[in-house]
Peer 1: 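Could you have a look at this structure, given as structure tokens, before my questions?
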Amino acid sequence: MEKKEQLYEGKAKKVFATDDANLVIVSYKDDATAFNGEKKGTITGKGVINNVMSNHMFQLLEQQGVETHFVEQLSDRETVVKKVDIVPLEVIIRNISAGSFAKRYGVEEGIMFTAPTIEFSYKDDDLGDPLINDYHALALGLATQAEIDQIKAMAFKVNEVMKDYFDSLNVILVDFKLEFGKTSDGKIVLADEISPDTCRLWDKTTKEKLDKDRFRRDMGGVEEAYNEIMKRVMGK
Ligand code: TMP
């Protein structure tokens, strides 16, 4: 596997071409942003934690029948993944009220839902990732109805697997964001990352936040929270 030119640099990761047209290498950075890049900072060690934790989660999900882009971890920050066209929808599942849900509907954080919710945001930085519904996603040609149905089913399945998994680590999975991609043969697979950047994770006993909200909300103890999640996930 030969690493070739950089294809893309995002807010938290870089993507490189390889000598295989169907594979790319993602490289995780310590850079952190929030509020569509308005707030910028560094979370030391985050790139390593998000890489290792995402790969752990993807392998767990693969074992449970969820297809992902994961191929092989190369180093503490770099992983080979299948090259996909990202479906420009951020898929958000919520088990408990928090964040933009609490704000939008004027409710407190921490209300447990009787059933998980799903919503989509249109992945477009210039527009600030606006909330979008199925009809609008179809009208814009972002995905087909069959793809949207498959993405929803996969997202709820991911929630079931992850909820149980985090529960076993004494962590509550409050909500999370997923992204899906389309492989060259048209298959929808789970892509991007699953990390404290993209999930809200609360300690089950103390309800302490162990995720990026500590950075977004200037709460301090950001690195400590990422390290604590890494310790629980990797058992060290
Ligand atoms: P929200 O409550 O701000 O809409 O966030 C819901 C979940 O999605 C939360 O776990 C954080 C995650 N998220 C991202 O991964 N990327 C984003 O850009 C945003 C806004 C949220």
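Predicted model only: the values in this text are computed from it and were never measured. As the structure lists them, so they are numbered: ligands from 1, and atoms in each ligand from 1.
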Peer 1: So, does E223 use its side chain to make a donor-acceptor pair with the main chain of T44 at under 3.5 Å?
Peer 2: yes
Peer 1: Is D31 paired with K14 through a side-chain N to carboxylate O contact shorter than 4.0 Å?
Peer 2: no
Peer 1: At a heavy-atom distance under 4.0 Å, which protein residues reach ligand 1? Sort them by chain and number, would you?
Peer 2: E90, I92, R94, A98, G99, S100, D175, F176, K177, D197, T198, C199, R200, R216
Peer 1: What is the ring orientation for Y165 with H56, classed by angle as parallel under 30°, tilted 30 to 60°, or perpendicular over 60°?
Peer 2: tilted
Peer 1: Please identify which of these residues, D129, D192, D211, D197, meets the salt bridge (charged side-chain N to carboxylate O under 4.0 Å, His left out) condition with K177.
Peer 2: D192
Peer 1: Could you grab the distance from atom CG of L61 to atom CE of M162, nearest 0.5 Å is fine?
Peer 2: 7.0 Å
Peer 1: Would you please name every residue forming a ring-ring contact (aromatic ring centres under 6.0 Å, His included) with F101, sequence neighbours left out?
Peer 2: Y105, F113
